[in-house]
Amino acid sequence: EDGKVLVQWREMDAIDWEKVLEGSVIASSYFVRKGLSRKAQLWSTCRKFLSKSPGSALANALPETCVVETWEAFDEDIKLDFGGGDIAGFGAGSGLSLSQRLTLCLSDAADFMADREEGTLWICKPSYANKGAEIIVLETVNELEVHLLEHHQLREWVLQKYIPRPLLIEGRKFHLRAYVLCVGAISVYFFEQVLLLCAQRPYQGCALSDRCAHLTNTAVASELDDFEESKCVKLLDPDLEHELDTRQPKLARGLGGKAAAHKVLGDMHTITAELFRAYRGEFAAFQPLPNCFEHFGLDFMVDESLRVWLLEVNPGPDFKQTGRRLESVVATMLDDSVTVALDRHLALQAQASSPETRPHEAVSSQAEAMAQAKYRAAGTGFKAVYSDVWPLNSPGGSGGGVL
């Protein structure tokens, strides 16, 4: 209004989407992005992409995964139409016992586990949950069945092969939390100060049931009376370099700690770029809008071979994971987000033309889009890792979806 750009920077549910969709305001969230946050959809979208692009870096970054759905076990009346008049009922009214119905639901998971060598560990996670809730490490199908019965209110899960030989910091497991900024439709920026979040308890010799040794989410560790933020919340640079140089020099594979940490960071850049490339055209799963931006928390793990694994994607990440000691990381990241997303992109774009005449993007190729993204990130803590001109699709139209 009167030459000023209106921005709604708030929780996704509090945004006035009518104004956003008509193009009169900028918003700090995308309207459709459930396909990134739900682990089952993340896996299925990436698998679909890899069927067409098997050489992508994602192929070596995703844990072996099986999606488990238990709707047929716990819902009252589930019927499947096989065509030709053949209809089968699997719900509570089917005449089958709960154990039988659950066994049918777990048939794919049982085959998936049976195909791997005996003693393989597995981790089971709800498709849509956070803060380490309802996650279990297990060895057998029976353990899986007991866990799903205990948490029967959740109907969609991912069962993944436990990443063997994880790289440790001071004897403890860790994961890397990267803050990623997506702007418009679409440029993707990776914030270079990456959190290194450790489990509270040592990993070697721990029991499978010890969540505080296996799970690296700070929401789990912070519940303990002996929680020490300085031991659990660190940074990729310099803490990984220090670990490889001082405690585990052999794992640096002759690179030295600094070069090894740089390799890990570079692999995270590549995987992030490929992840968002995988969602191009997947409007029902993720639909970036030209007048929106959003932060995502991407979680990675590293094994002893320095292989980087993508674990999950979190829209609207919990910045409290940074902790008080590293609050400056988030403060810098948010300041730089204003520069990259608003001052050099969306606000500038909004001032240049009215919503009726504003072009989707002022570039016509991926190369031009990437050059612009690099320019916008210059002098900030962000690195442009992916940019392209995506086709737009109405959230209410075919291929769209509502959260």
Side-chain angles (χ1 to χ4, degrees), residues 39-40 43 63-70 73-74 98-99 102-103 105-106 108-177 196-229 231-234 299-304 309-312 314 318 321:
K39 299 176 184 67
W43 163 249
E64 294 183 56
T65 301
C66 177
V67 176
V68 178
E69 296 181 337
T70 60
F74 300 114
L98 175 58
S99 178
L102 189 55
T103 298
C105 290
L106 295 179
D108 287 345
D111 292 341
F112 179 67
M113 297 172 74
D115 286 342
R116 276 65 182 176
E117 63 185 49
E118 187 176 352
T120 297
L121 294 182
W122 307 90
I123 186 165
C124 184
K125 312 172 186 178
S127 182
Y128 193 65
N130 54 26
K131 298 184 179 179
E134 285 79 45
I135 295 178
I136 185 174
V137 179
L138 50 86
E139 288 185 272
T140 68
V141 176
N142 287 339
E143 291 174 274
L144 176 61
E145 182 172 340
V146 169
H147 185 70
L148 298 189
L149 281 169
E150 182 180 353
H151 301 286
H152 60 84
Q153 74 278 9
L154 300 172
R155 306 298 170 82
E156 187 177 64
W157 302 75
V158 290
L159 176 69
Q160 297 180 321
K161 184 178 177 181
Y162 195 89
I163 296 172
R165 298 183 299 279
L167 184 61
L168 306 179
I169 290 281
E170 299 174 357
R172 290 172 295 146
K173 275 186 67 178
F174 69 90
H175 80 269
L176 300 172
R177 161 57 65 91
L196 193 155
L197 304 175
C198 298
Q200 175 71 3
R201 303 275 166 77
Y203 178 72
Q204 297 294 348
C206 67
L208 289 184
S209 59
D210 190 349
R211 286 168 52 86
C212 296
H214 287 280
L215 303 187
T216 55
N217 193 303
T218 51
V220 174
S222 61
E223 294 175 355
L224 302 174
D225 293 337
D226 59 347
F227 171 66
E228 294 183 60
E229 184 181 295
K231 289 186 176 181
C232 292
V233 183
K234 300 176 179 292
D299 290 339
F300 299 87
M301 186 168 282
V302 184
D303 65 21
E304 288 184 346
W309 300 83
L310 175 65
L311 300 181
E312 61 184 60
N314 301 276
D318 180 7
Q321 289 201 36

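Any value given below was found using the heavy atoms of this structure, including those in side chains, with hydrogens, waters and symmetry copies removed.
- Nearest approach of R155 to H152, heavy atoms of both residues: NE-O, 2.6 Å.
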Walk me through whether K39 and T65 qualify under side chain to side chain contact (heavy atoms under 4.5 Å, CB included). CA-CA 10 Å; K39 299 176 184 67; T65 301; over 6 Å; no

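- Using a 4.5 Å heavy-atom threshold, the side chains of L121 and E139 count as touching.
- Side-chain contact between L167 and D303: absent, with no pair of heavy atoms (C-beta onward) separated by less than 4.5 Å.
- Two residues are said to be in side-chain contact when any heavy atoms from C-beta on lie closer than 4.5 Å; H214 and Y203 meet this criterion.
- In this structure, the side chains of I136 and E143 stay at 4.5 Å or more apart for every pair of heavy atoms.
- Closest non-hydrogen pair, C105 versus A73, comes out as SG-N, 3.6 Å.
- Listed here is the closest heavy atom pair of L159 and A109: CD2-CB, 4.0 Å.
- With F174 as the aromatic partner, R172 does not meet the cation-pi criteria of under 6.0 angstrom to the ring centre and within 45 degrees of the ring axis.
- A distance of 3.5 Å separates CG in D299 from NE2 in H175, rounded to the nearest 0.5 Å.
- Under the 4.5 Å side-chain criterion, counting only non-hydrogen atoms from C-beta, I163 is in contact with L311.
- Taking CZ of R165 as the start and CD of E304 as the end, the distance is 6.5 Å to the nearest 0.5 Å.
- Separation of atoms CG (L149) and OG (S99) is listed at 7.5 Å; rounding is to 0.5 Å.
- Residues P126 and I135 form a side-chain contact, since some pair of their non-hydrogen atoms from C-beta on lies under 4.5 Å apart.
- Below 30°, between 30° and 60°, or above 60°: for F112 and W122 the angle between ring planes is between 30° and 60°, a tilted geometry.
- Between L168 and Q204 there is a side-chain heavy-atom pair separated by less than 4.5 Å.
- L138 CG to S209 OG: the interatomic distance, rounded to the nearest 0.5 Å, is 12.0 Å.
- In terms of modelled atom types and a separation under 3.5 Å, the side chain of T216 and the main chain of K173 share no donor-acceptor contact.
- Across all non-hydrogen atoms, the minimal contact from L148 to C124 is CD2-SG, 4.4 Å.
- Aromatic ring pairs are classed by plane angle as parallel below 30°, tilted from 30° to 60° and perpendicular above 60°; the pair W157 and H147 is perpendicular.
- Between K231 and C198 there is no side-chain heavy-atom pair separated by less than 4.5 Å.
- A distance of 7.5 Å separates CZ in R177 from CD in E312, rounded to the nearest 0.5 Å.
- Smallest separation of non-hydrogen atoms from P202 and A213: O-CB, 3.4 Å.
- With rounding to the nearest 0.5 angstrom, the CG atom of L215 is 9.0 Å from the NZ atom of K125.
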